[in-house]
Amino acid sequence: MRLNEISFTDAKPIEGYGAGFFRIGGEVFQGPVIAGPKGTFGWQGYEDVDALLALKDEIDVLFFGTGAETAHLPSDVRATLEEAGMGVEVMASPAACRTYNVLLSEGRRIALALIPV
């Protein structure tokens with residue numbers, strides 16, 4: 001069996017989540033967060049589009065975790081991100097965390113915006 005070491009650079013894997021929080025790279029974050037190549041930090045939610053646009057040159061796809069259930073992004077948020085050339089994928093937060101971890105381990109250029117479950 002061949003083992004490959006995984007390097008996450010400044011991006012940290014999602015280790016867990018629960019009601020109102022995420023555990024990312026050994027640290028607990030309360031409320032919405034952004035995780036990606038620039039690290040993990042608190043996010044103000046859908047109104048904070050500038051924080052998402054700051055990632056546009058660093059990533060190819062931005063995953064949105066919309067909480068316990070999949071929900072639509074506000075149309076103006078989606079339009080702004082797509083006009084900036086960002087790929088956007090929306091899913092429930094648990095699925096977004098799993099997808100992010102898999103693609104992060106493959107070295108993909110991704111980020112994740114999460115709303116807690």
| field | Same cluster (ILVMFWY, side-chain, under 4.5 Å), F21 and I14 | value | no
| request: Answer whether the closest heavy-atom distance between the side chains of T99 and M91 falls below 4.5 Å. | output: yes
| said: Rounded at 0.5 Å granularity, tell me how far OH in Y100 sits from CG in L114. | reply: 9.0 Å
| task | Kindly give the heavy-atom pair with the smallest separation between A92 and T70, and that separation in Å. | result | N-OG1, 3.2 Å
| request: Taking S93 for its side chain and A96 for its backbone only, find out whether a donor-acceptor pair lies under 3.5 Å. | output: no
| said: For Q44 versus E47, what's the shortest heavy-atom pair and its separation? | reply: O-OE1, 3.7 Å
| said: Can you tell me how far apart CD (E89) and CG (L103) are? Round to the nearest 0.5 Å. | reply: 10.0 Å
| request: Locate the shortest heavy-atom distance separating T66 from A71; write the atom from each residue and the value. | output: OG1-N, 3.0 Å
| message | Which Ile, Leu, Val, Met, Phe, Trp or Tyr residues join F64 in one cluster when any pair of side-chain heavy atoms under 4.5 Å counts as a link? | response | I34, F41, W43, Y46, V49, L52, L53, L55, I59, L62, L73, V77, L81, M86, V88, V90, I115
| Are the side chain of K38 and the backbone N or O of E58 linked by a donor-acceptor pair below 3.5 Å? | no
| field | Y17 vs P116 side-chain heavy atoms within contact, under 4.5 Å | value | no
| message | Checking D60 now: which residues fulfil salt bridge (charged side-chain N to carboxylate O under 4.0 Å, His left out) with it, not counting sequence neighbours? | response | R109
